[in-house]
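Read the structure below first, then the notes.
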Number of protein chains: 2
Amino acid sequence: MTIRSQLLKGILDACVMAIVEEQAIYGYELSQKLQKAGLPDISDGTIYPVLLRLQKNGFIRSEMRPSDSGPNRKYYFLTDNGTEELERIAKEWMLIASPVSNLLKRGENNAKHKTINQ
Amino acid sequence: MTIRSQLLKGILDACVMAIVEEQAIYGYELSQKLQKAGLPDISDGTIYPVLLRLQKNGFIRSEMRPSDSGPNRKYYFLTDNGTEELERIAKEWMLIASPVSNLLKRGENNAKHKTINQ
DNA sequence: AAACGCTATCTTGTATTACAAAGTAATGGG
DNA sequence: CCCATTACTTTGTAATACAAGATAGCGTTT
């Protein structure tokens, strides 16, 4: 498993909900949106389970619609519960991301750090 | 499992390494450092497995030292491999954290977003 | 029509890891 | 001697990103 996989844990659901909130979207298009948003190479084997999970939990709902070119598409919409959940996760994210980013900046020049214990 | 648990996945190792890089430290003290850094309530059931994993992978090494009050302490140091790994994870973190934060900002006012599909 | 490529979705299995829970052990104070 | 505190370890569980594979509709080319 890659580092990236681990970093995405838990936050991918919120990313998907954030995109669905902006506009109703179907799975295949979603992976392209994620790519544009700066999260490339999220495979459909990842995305569809996320969508199913979100729907099962009542955070999104779906609606089949025909396509001009190709098989039917399942469009997803954010529910009210989904909006609440998204807000909750977004808050938690900020709470975690901020201190982590600070820690990982590591004071720019680490050669300086020679503590008593070293 | 909480949202927070998921968000911490994969990044906790790097946080621990970042702290160990600053100064040699033992497990018990580490949880207090994490607290101060803005990551409270990381239990020892989480921290010690992290330390064991990092050591097994050669990213940190340890050294027993007597304590003035209580049992001996196992101090941890970052290895050269650890420094490299930390840098790798830090880069990946920035790559993920930035687009995620953007997505989760959700354009401040979402009431406006009424697309054709809604 | 047969073959192909693209669009689109779903399912199964695996590896990883935060955390709870429980246990072990050393020290010093009462 | 008991107990609190410090300090470390082990075991088990739940959650989830992803690979891999299966299914199927549509248009274009052969």
Side-chain angles (χ1 to χ4, degrees), chain A residues 1-17 24-35 39-57 59-60 62-76 85 89 92 96 100, chain B residues 1-17 24-35 39-57 59-60 62-76 85 89 92 96 100:
Chain A
M1 214 171 208
T2 64
I3 293 172
R4 192 164 166 274
S5 317
Q6 291 301 326
L7 295 185
L8 285 173
K9 285 234 165 153
I11 199 56
L12 201 53
D13 286 32
C15 290
V16 167
M17 281 194 281
I25 203 168
Y26 56 100
Y28 197 81
E29 196 184 2
L30 188 63
S31 67
Q32 296 165 348
K33 276 272 174 183
L34 282 171
Q35 188 121 8
L39 296 172
D41 306 319
I42 313 258
S43 79
D44 61 327
T46 299
I47 287 173
Y48 287 109
V50 168
L51 289 172
L52 290 175
R53 184 166 63 238
L54 289 176
Q55 189 169 29
K56 200 181 83 183
N57 293 334
F59 299 140
I60 58 176
S62 65
E63 196 180 304
M64 279 304 241
R65 291 184 187 174
S67 165
D68 298 352
S69 60
N72 286 348
R73 296 163 173 174
K74 195 184 273 186
Y75 279 84
Y76 290 95
E85 176 74 357
I89 300 183
E92 295 256 20
I96 300 284
V100 168
Chain B
M1 214 171 206
T2 63
I3 293 172
R4 193 166 166 274
S5 317
Q6 291 301 326
L7 295 187
L8 285 173
K9 284 237 167 150
I11 199 56
L12 201 53
D13 285 33
C15 290
V16 167
M17 283 194 279
I25 204 169
Y26 56 100
Y28 198 80
E29 198 186 0
L30 187 63
S31 69
Q32 296 166 347
K33 276 272 174 182
L34 282 170
Q35 188 121 8
L39 296 170
D41 306 320
I42 313 259
S43 79
D44 60 328
T46 298
I47 287 174
Y48 287 108
V50 169
L51 289 172
L52 290 175
R53 184 165 63 238
L54 290 176
Q55 189 169 27
K56 202 182 80 183
N57 293 335
F59 300 141
I60 57 177
S62 66
E63 192 181 306
M64 282 303 240
R65 291 183 186 174
S67 166
D68 297 352
S69 60
N72 286 349
R73 293 165 175 172
K74 194 183 272 185
Y75 281 82
Y76 290 95
E85 175 74 356
I89 300 182
E92 295 257 19
I96 299 285
V100 168

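Here is the naming used below: chain letters follow the sequence lines, and residue numbers restart at 1 for every chain.
Distance CG (B/L12) to C1' (C/dT16): 14 Å, rounded to an integer number of Å. Whole-Å rounding puts the A/K33 NZ to C/dT7 P distance at 17 Å. The CZ atom of B/R73 sits 12 Å away from the C1' atom of D/dT5 (whole-angstrom rounding). When rounded to the nearest whole Å, the span between CD of A/E29 and C1' of C/dT9 equals 15 Å. In this structure, A/I42 places its CD1 atom 10 Å from C1' of D/dC18, rounding to the nearest Å. Atom-to-atom, CE of A/M64 to C1' of C/dA8 comes out at 9 Å; the value is rounded to the nearest Å. Atoms CG (B/L52) and C1' (D/dA7) sit 13 Å apart, rounded to a whole Å. Whole-Å rounding puts the B/M1 CE to D/dA14 P distance at 10 Å.
Checking C/dT7, D/dA17, C/dC19 against every side-chain atom of B/L8, the shortest atom distance belongs to C/dC19. Between C/dC10, D/dC8, D/dA19, one nucleotide has an atom nearer to the side chain of B/Y48 than all others, and that is D/dC8. Here the nucleotide nearest the side chain of A/D13, chosen from D/dT10, D/dA17, D/dA7, is D/dA17. For A/Y26, whose side chain is taken as the heavy atoms from C-beta onward, the closest listed nucleotide among C/dT9, D/dC8, D/dA17 is C/dT9. Here the side chain of B/P49 is nearest to one of C/dC19, D/dA17, D/dT6, namely C/dC19.
Residues B/G27 and B/Y48 approach most closely at C-OH, 3.7 Å, considering heavy atoms. In terms of heavy atoms, A/L51 sits closest to A/I60 at O-CD1, 3.5 Å. The minimum heavy-atom distance linking B/P66 with B/N72 is given by the pair CA-OD1, 3.4 Å.
B/L51 comes within 4.0 angstrom of nothing in the nucleic acid, heavy atoms only. Residue contacts shown for A/T46 include a base, since a base heavy atom lies under 4.0 Å away. Counting any heavy atom pair closer than 4.0 Å across all strands shown, A/G27 reaches sugar-phosphate atoms only and no base atom.
Residue A/R53 has a polar side-chain atom (N or O) positioned under 4.0 Å from OP1 or OP2 of D/dA17. Using a 4.0 Å cut-off, no side-chain N or O of A/S43 falls inside it from OP1 or OP2 of D/dC18.
A donor-acceptor contact under 3.5 Å is formed by the side chain of A/D44 with the base of C/dC10. For C/dT16, the base has a donor-acceptor partner in the side chain of A/K9 [N/O atoms by modelled type, under 3.5 angstrom]. Taking only distance into account, the side chain of A/K74 never meets the base of C/dT9 through a donor-acceptor pair shorter than 3.5 Å.
By the 4.5 Å heavy-atom criterion applied to side chains, A/R53 and A/V50 are counted as neighbours. Between A/Q55 and A/Y76, the closest side-chain pair of non-hydrogen atoms falls below 4.5 Å.
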Report the C-alpha distance between B/V16 and B/L30 in whole Å, list the side-chain angles of each, state the deciding distance to 0.1 Å, and finish with yes or no for side chain to side chain contact (heavy atoms under 4.5 Å, CB included). CA-CA 8 Å; B/V16 167; B/L30 187 63; 3.7 Å; yes
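When each of A/Y76 and A/Q6 is assigned the nucleotide of DNA chain C bearing its nearest heavy atom, the one mapping closer to the 5' terminus is A/Y76. Between A/D41 and A/P71, the residue anchored closer to the 5' end of DNA chain D is A/D41, taking for each the nucleotide with the nearest heavy atom. Mapping A/R4 and A/N72 onto DNA chain D by nearest heavy atom places A/R4 at the nucleotide closer to the 5' end.
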